[in-house]
Amino acid sequence: MKAVILVGGQGTRLRPLTLGTPKPMVPLANMPFVSYVLEHLKKNGIEEIVFSMGYLPDGIKSYFGDGSAFGVKVTYVVEDRPLGTAGAVKNVAEHISDHDFMVLNGDILTDLDLRALIDFHQKKEAMGTIALTPVQDPTAYGLVRTGPAGEVLGFLEKPSWDQIDTNLINAGIYVLKNEVLDMIPAGIEYSFERGVFPRLVGKGLFGFGSECYWMDIGTPEKYLQAHYDILEKNVTTSVSACLDKDFVCVQGKIELHNGAKLVPPVMIGEGTRIEAGARIGRMAVIGPGCVISAGSVVEESVIQEGSTLEENVVVRRSIIARGAQIGRDTVVTAGAIVGEEAKVGGENILANNIRVYPRTVIQEGTIKF
Ligand code: GTP
């Protein structure tokens, strides 16, 4: 079976992380996010993959190449304008064989049993099967109502509590019969969620619910949560093996001063230097080639590749993107994001979900909130 991975979106909710890097290439526990999707597909026996791209495609192509380094075969199709989820699949139709195929949103971290999903789809002889996942707050999502045999009865968009009779949502993973392609108009923006699926209700559309791990990394909060879940092994990924029984993953050679502390769960990328009195963790991922200077503290945060924290910096529940520099005694906290290669001078306080855009320069002591 072939899989189409949709990676054409701009990832606006994850800005500024996605301004210079497309969402699929944003590092999650030190690997481009979409490589988790690839390893999950391969583990489930799906090795032919079509990337449907639009926004910033070049980095994805040069990283994955023909896919052989990852044990899969990859084909790329770039849209000249956004076609929506279904329009994007129609656009890659020539690369899909006559059989059933899978479609995945490129921003989902899951350990869903894809083989069980395919088996279910084939046993039902379904036109389409939507993977479903339960959520705690059903009012925030589009819900999918199913009948006793799993047949989809209808969709409820952001319902009020009195309308709710299910907590299952569309998990962004589908198995479809080739005939579904005939329902999608060519060359225009068209969506599965609003276009194709409502038309398929009562005509062979099924839902496959499961209690697997599922997270879409589309917002900064969920991006951080996905890191915490990987670090705690709430989801099984290739990183799980590196996190030893002490929940410490050190990738290759690092420089760790005797007086520095790693508090698990924690992950440190290759070539990073951690100086005296620094404390990393719990729940911290430091990318490769970073410098964490003396006395700095990183908790519940992500520091991407090649970033530098000068002395006595504190980073809590925040994200520092690739190549950023944070000056001494600065505090980055409460959902702040510092964009790629930004330079933040010393003695600033960045808090309250502040977004620092890539390559911005903030002088010493200018921001205090
Ligand atoms: P936001 O702008 O933050 O909503 O993120 P997004 O652009 O990724 O949109 P969304 O999360 O709704 O998209 C779900 C998945 O579909 C992501 O993997 C997107 O890359 C992908 N996607 C969304 N729209 C398109 C499109 O027009 N073409 C292609 N090829 N993929 C798309």
Side-chain angles (χ1 to χ4, degrees), residues 2-28 32-38 40-41 49-61 63-64 74-96 101-110 112 130-133 135 140-142 144 155 157-158 169-174 176 181 184-197 214-226 319 321 335 337 339 353 355 357:
K2 284 195 180 180
V4 180
I5 310 182
L6 300 173
V7 290
Q10 295 199 10
T12 51
R13 290 164 300 156
L14 212 50
R15 285 180 186 163
L17 298 177
T18 45
L19 284 172
T21 304
K23 188 159 59 172
M25 295 305 289
V26 170
L28 175 65
F33 175 72
V34 80
S35 48
Y36 293 87
V37 181
L38 249 60
H40 183 219
L41 285 167
I49 288 152
V50 182
F51 273 117
S52 162
M53 313 198 286
Y55 179 67
L56 301 178
D58 296 345
I60 307 176
K61 277 190 195 167
Y63 186 85
F64 292 103
V74 179
T75 309
Y76 302 94
V77 178
V78 184
E79 293 160 12
D80 40 24
R81 65 202 155 82
L83 291 172
T85 49
V89 171
K90 179 79 172 183
N91 192 46
V92 305
E94 63 178 300
H95 299 283
I96 301 169
F101 61 98
M102 186 173 284
V103 177
L104 301 98
N105 283 357
D107 53 359
I108 307 294
L109 179 67
T110 181
L112 174 72
I130 306 174
L132 304 176
T133 187
V135 289
Y141 295 88
V144 184
F155 299 90
E157 263 313 309
K158 304 204 169 71
I169 65 161
N170 175 345
I173 300 176
Y174 324 114
L176 303 172
L181 290 172
I184 307 171
I188 62 163
E189 193 169 341
Y190 204 70
S191 121
F192 280 115
E193 300 84 342
R194 289 177 301 281
V196 177
F197 294 149
W214 183 88
M215 173 74 65
D216 86 89
I217 61 143
T219 64
E221 296 74 26
K222 289 179 182 170
Y223 175 71
L224 279 176
Q225 186 61 47
I319 303 163
I337 305 181
N353 301 307
R355 307 281 184 258
Y357 272 52

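Order of listing sets the numbers, starting from 1, for every ligand and every atom in it.
Using a 4.0 Å cut-off between heavy atoms, Val7 contacts ligand 1 through its backbone alone, with no side-chain atom that close. Counting heavy atoms closer than 4.0 Å to ligand 1, residue Gln10 contributes backbone atoms (N, CA, C, O) but none from C-beta onward. Looking at Ala88 against ligand 1, only its side chain comes within 4.0 Å, counting heavy atoms.
Taking 4.5 Å as the limit, every side-chain heavy atom of Asn105 sits out of range of all side-chain heavy atoms of Asp216. Taking the side chain as every heavy atom from C-beta outward, Ile60 and Pro22 approach each other to under 4.5 Å. Taking 4.5 Å as the limit, some side-chain heavy atom of Met25 sits within range of a side-chain heavy atom of Phe64.
Under a 4.0 Å criterion applied to the non-hydrogen atoms of Lys23, ligand 1 contributes the atoms 5 (O), 6 (P), 8 (O), 11 (O). Counting the atoms of ligand 1 from 1 in the order shown, those under 4.0 Å from a heavy atom of Pro82 are 27 (O). Set against the non-hydrogen atoms of Asn105, the atoms of ligand 1 under 4.0 Å away are 14 (C), 15 (C), 16 (O), 18 (O). Ligand 1 places these atoms under 4.0 Å from at least one heavy atom of Gly106: 18 (O).
Scanning the protein for heavy atoms near atom 18 (O) of ligand 1, the closest one is Leu6 O, 2.7 Å. With respect to atom 25 (C) of ligand 1, the closest heavy atom belonging to the protein is Gly9 N, 4.1 Å. The nearest protein atom to atom 13 (O) of ligand 1, hydrogens excluded, is given as Asp107 OD2, 4.4 Å; this is a heavy-atom distance. With hydrogens left out, the protein atom closest to atom 4 (O) of ligand 1 is Arg13 NE, 3.1 Å, a heavy atom. Gly84 N, 3.6 Å is the protein heavy atom nearest to atom 26 (C) of ligand 1.
Residues Glu79 and Ser52 share a closest heavy-atom pair of OE2-OG, 3.4 Å.
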(message) Set out, in order, the CA-CA distance, both residues' side-chain angles and the distance that settles side chain to side chain contact (heavy atoms under 4.5 Å, CB included) for Phe33 and Leu109, then state yes or no.
(response) CA-CA 8 Å; Phe33 175 72; Leu109 179 67; 4.0 Å; yes

(message) Checking Val89 against Leu181 for the side chain to side chain contact (heavy atoms under 4.5 Å, CB included) test, could you report, in this order, the C-alpha distance in whole Å, the side-chain angles of both residues, the deciding distance, and whether it holds?
(response) CA-CA 8 Å; Val89 171; Leu181 290 172; 3.8 Å; yes

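Distance screen at 4.0 Å: atom 1 (P) of ligand 1 has a protein heavy-atom neighbour inside the cut-off. Closer than 4.0 Å to atom 9 (O) of ligand 1 lies none of the heavy atoms of the protein.
Between Phe51 and Tyr76, the ring planes lie parallel to each other; the angle is under 30°, not in the 30° to 60° tilted range.
If you check the side chains of Gln10 and Thr18, you find no donor sitting under 3.5 Å from an acceptor.
For Arg81 (side chain) and Gly187 (main-chain N/O), a donor-acceptor pair under 3.5 Å exists by modelled atom type.
Here Phe197 and Tyr174 bring their ring centres to under 6.0 angstrom of each other.
To the nearest 0.5 Å, the span separating CE on Met215 from CG on Asp107 amounts to 12.0 Å.
For Leu83, a nitrogen or oxygen atom sits less than 3.5 Å from a nitrogen or oxygen atom of ligand 1, counting backbone and side chain alike. Taking distance alone, with nitrogen or oxygen atoms compared against 3.5 Å, Gly54 stays at or beyond that limit from ligand 1. Taking only nitrogen or oxygen atoms, main chain and side chain alike, Gly218 does not reach within less than 3.5 Å of ligand 1.
Each of Val103, Val4, Ile96 was evaluated against Leu176; a single residue qualifies, Val103, per the side chain to side chain contact (heavy atoms under 4.5 Å, CB included) test.
Considering Glu79, Glu189, Glu193 only, the shortest heavy-atom separation from atom 29 (C) of ligand 1 involves Glu79. Between atom 31 (N) of ligand 1 and the options Gly87, Ser52, Gly8, the minimum heavy-atom separation is to Gly8.
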